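To start, the structure itself, in structure tokens.
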Amino acid sequence: MSTLGAVMAPIWLDVLDETARLCVAHGRTDLLERLRQKRAQLLDPRLRVLVIGEPKQGKSQLVNALINAPVCPVGDGPTTALPTVVQHAETPSAVLVRSPLPVAGRPAADASRAEDRIPLPMEQVATGIGGKLRQRTADESVHVEVGVPRALLATGLVLIDTPGTDTQDPARVMNGTVGFARADVVVMVSDATRELSVTELNLLLHVLQSHPHIIVALSKIDIAPQWRAVAERNRHHLANAGIPAALIPVSATLRLRAARSNDRDINAESGFPELIARLSRDLSRKNEVLAGATAGLTARTVIEQLAAPLRAELSTRDDADDSGPMSRLREAQRAVDELRRLSARWQNSLNDEVTDLISDIEYDLRDRTRQILRKVDEAFDEADPVPAWETFQEWLESNLVEAAEANYEWLVQRCEWIAQRVADNFRGYGYDAAPDWSLTTPQDPGSHLSAIEQPPVDRFTPVQKVITGLKGSYGGLLMFGLATTLAGMPLINPISLGAGALFGGKSIHDESRSLLKRRQAVAKGAVQRHVDDFFIKLNKDCKDTVRNVQRTLRDHFTAVTEELQEAIVQSFRTAKQAADADAVERDQRQRQIEQQMKRLGALYEQAQELLTGRATASRVPLGPRV
């Protein structure tokens, strides 16, 4: 082996082995098996040439012309329907091979042991390849292996003829072609009567993804006068598509004619010497250039598949805060903040409602007592309080007790409403926080009501009436007596006596009304003071009741808040610990991915250098063989 070969062989082997180690580290056993197959193929000294193309392009004729033997069916009869592997043998032989298709979970070694090899008579090979023997089940593949004694094949060349590919999905066709994955060189046959089609270019692009060495054989140049122009346009199409394929014009008809007549000029005109020279050169340089490029392309493809999930994981790590422990931590933080706002909200609500309740209760009690006082004033404007006092006292006590009961009942209702109003702030936590308590109206709301005493009033006694009458009659008697003396009448006469009696009666009547007004005023004042005392006592009792209710509700909802806070804070601590642990794990994973990507990137660069033929031994990763 040349000095270049001595350097290149270890490089591509080490690149494949390092790639295989990465496949093991990433748990990709499927890619590992693919690398092992490719490694064994590249170490195989034989050169496997896969011949592909659309139907009726001359694939089978090209294979026959290369080895100068009618192995594959050509002409208007049956065409190639089964893949045909043509290799060297000391004596002509043929075998029909039935092998199971790869199944997930079944090792490749088990599949190879399950192959069914059926010998075929040579005279049945063309018929079998033409499709007579292609009946198969859905889980197996069928191909024919033909061995012929030819010097070209004895050098290590293996030809694989394939059925025509006339589909728009090249991946599906080539993945089902026997020998596609293990081919070293791919020869696509296209006749010279037309330019390369879009389907053929797509097929070549698909092949280029896994096979860097491609040859385009422009067949049937013997029947296409303009084949040179077609060849030039095809080279232009290949260049525009970025396909580094060598285009070689050939004529199988001229090649076979030259073989029959042993004519070197016709053989040279057929173009096959150039094709054979290219294949022979690839065979001789398989362990040098060809193996390195193929290993580089295979390693690069595998590395891209290993890096794809890592890149996807890196791209999604920024979105990791939207779920998992960080999301739970934010939810717990929001719960803590919401509970803090809730605590201030229910306390403000309780204070505001209690303040409004005290004001409303005081106003309600004042309004009820004022209505009672207005009725008292209306009653004592007409009635004498002395004879009706006992009846009035019963009425007053009854009305005050009724006012006290109504006021206290409203107080109870408002307290219960306040408790429920404050409890509504906690409904967002999924339960009713209303206290288990009851505030009832006292059985005797008038227990703090003292009995009103009859106020002392001046009575108009008979003696007082006589004295008042005498005082009034004296003035009338004297005034009219003096007036009548002017007329010659005595001082005491019937007129003066009548006037005295009239003035005395009026004086008694006026004094009696004056005493009644004073008694009414005194009674009103007494009732006013009594009602004020009642109002002060009852108002004080109501305020004390409200304050007690406020303290009870405050203690209850404070306990509820503390209970919620304890649960939420515990949840926050747990979420914080989980988030911290997740952050550490994510950082470790981030560094691990970065290291893996760095390792993959370095190996990708070496694979790329192998593919372009610029690899250097100094950059080869050292490690045990896989």
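Treat the numbers as computed from the prediction; the structure is a model and nothing was measured. Count residues from 1 along the sequence. Atom set for the values below is all heavy atoms of this structure, side chains included, hydrogens, waters and symmetry mates excluded.
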Any side-chain heavy atom of E397 sitting closer than 4.5 Å to one from E394?
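E397 vs E394: side chains apart.
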Partner set under side chain to side chain contact (heavy atoms under 4.5 Å, CB included) for [X], not counting sequence neighbours:
{"X": "I361", "result": "L357, N407, W410, L411, C542"}
{"X": "Q595", "result": "none"}
{"X": "R370", "result": "R366, R374"}

Pair R341 + E338: basic N to acidic O under 4.0 Å
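Counted as a salt bridge, because a side-chain N and a carboxylate O are separated by less than 4.0 Å.
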Please determine if D356 and R414 form a salt bridge, counting it only when a charged side-chain N lies under 4.0 Å from a carboxylate O.
no
[X]: which residues meet the salt bridge (charged side-chain N to carboxylate O under 4.0 Å, His left out) condition with it, sequence neighbours left out?
{"X": "R547", "result": "none"}
{"X": "R340", "result": "D337"}
{"X": "D424", "result": "R427"}
{"X": "R599", "result": "E18"}

With [X] via side-chain hydrogen bond (donor to acceptor under 3.5 Å, both in side chains) - residues at least two apart:
{"X": "N548", "result": "R551"}
{"X": "E362", "result": "none"}
{"X": "D544", "result": "K540"}
{"X": "D555", "result": "none"}

Nearest-0.5 Å distance that lies between atom CG in L396 and atom CD1 in I372
6.5 Å
When rounded to the nearest 0.5 angstrom, what is the spacing between CD in E33 and CG in L35?
9.5 Å
Is there a donor in the side chain of [X] and an acceptor in the side chain of [Y], or the other way round, less than 3.5 Å apart?
{"X": "Q550", "Y": "N351", "value": "yes"}
{"X": "D367", "Y": "Q371", "value": "yes"}
{"X": "S343", "Y": "Q347", "value": "yes"}

Looking only at heavy atoms, what is the nearest atom pair of N425 and R345, with distance?
OD1-NE, 3.5 Å
For R421 and S349, which heavy atoms make the closest approach, and how far apart are they?
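Closest approach of R421 to S349, heavy atoms only: CG-OG, 4.3 Å.
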I'd like a table of donor-acceptor pairs (distance under 3.5 Å, sequence neighbours excluded) in which one partner is a side-chain atom from residues 299-311, with atom names and distances.
residue	atom	partner	partner atom	Å
R300	NH1	Q608	OE1	2.9
T301	OG1	L297	O	2.9
E304	OE2	Y604	OH	3.3

Do the side chain of N348 and the main chain of A344 share a donor and acceptor less than 3.5 angstrom apart?
yes
